[in-house]
Amino acid sequence: MAKKPRKGHQKIEIEKILKKNHLQVTFSKRRFELFKKASELCTLCGVNVAIIVFSLVGKVFSFRLPDVETIVD
């Protein structure tokens, strides 16, 4: 019996997303993952991290550990 080929991890072409609703969903998922990775970095390495992200509509999202004022000063 031959094994069925699997897709697995495939390299995708990085390009701008044109559909507004797809763009918003992708932004939300990527923002969550970015903040999650920053939290892991803080926990594992004991570093201070601050991230500020602006959406297309101008809404501001921020992540900070311990807090932005401590990191900026």
Side-chain angles (χ1 to χ4, degrees):
M1 245 182 170
K3 283 190 173 183
K4 192 178 188 182
R6 296 183 181 183
K7 296 238 178 196
H9 284 288
Q10 292 184 353
K11 191 165 188 130
I12 60 168
E13 189 69 29
I14 301 296
E15 57 188 39
K16 180 154 171 89
I17 299 170
L18 300 176
K19 291 187 176 182
K20 254 327 196 194
N21 59 343
H22 292 205
L23 184 68
Q24 184 60 39
V25 169
T26 301
F27 175 79
S28 295
K29 287 181 181 178
R30 297 284 177 130
R31 185 193 60 202
F32 174 76
E33 291 298 322
L34 177 65
F35 291 171
K36 185 170 140 187
K37 289 291 182 185
S39 176
E40 290 174 5
L41 185 64
C42 292
T43 303
L44 294 173
C45 301
V47 297
N48 296 331
V49 175
I51 300 173
I52 300 173
V53 180
F54 297 91
S55 71
L56 290 175
V57 295
K59 191 169 181 181
V60 178
F61 299 93
S62 64
F63 172 87
R64 65 241 177 240
L65 277 178
D67 59 39
V68 174
E69 288 76 26
T70 304
I71 295 172
V72 173
D73 292 339

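Atoms considered below: every heavy atom in the structure, side chains included; atoms not considered: hydrogens, waters and symmetry mates.
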Show me the side-chain donor-acceptor pairs of residues 25-47 shorter than 3.5 Å, one per line, residues at least two apart or across chains.
from: Thr26; atom 1: OG1; to: His22; atom 2: O; distance (Å): 2.9
from: Ser28; atom 1: OG; to: Gln24; atom 2: O; distance (Å): 3.1
from: Thr43; atom 1: OG1; to: Ser39; atom 2: O; distance (Å): 3.0

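Applying the salt bridge (charged side-chain N to carboxylate O under 4.0 Å, His left out) test to residues at least two apart or on different chains, none of the pairs has a partner in residues 43-55.
Residues Leu56 and Ile17 are members of one and the same hydrophobic cluster, defined by side-chain heavy-atom contacts under 4.5 angstrom among Ile, Leu, Val, Met, Phe, Trp and Tyr.
Considering only residues two or more places apart in sequence or on other chains, Lys16 meets the side chain to side chain contact (heavy atoms under 4.5 Å, CB included) condition with none of them.
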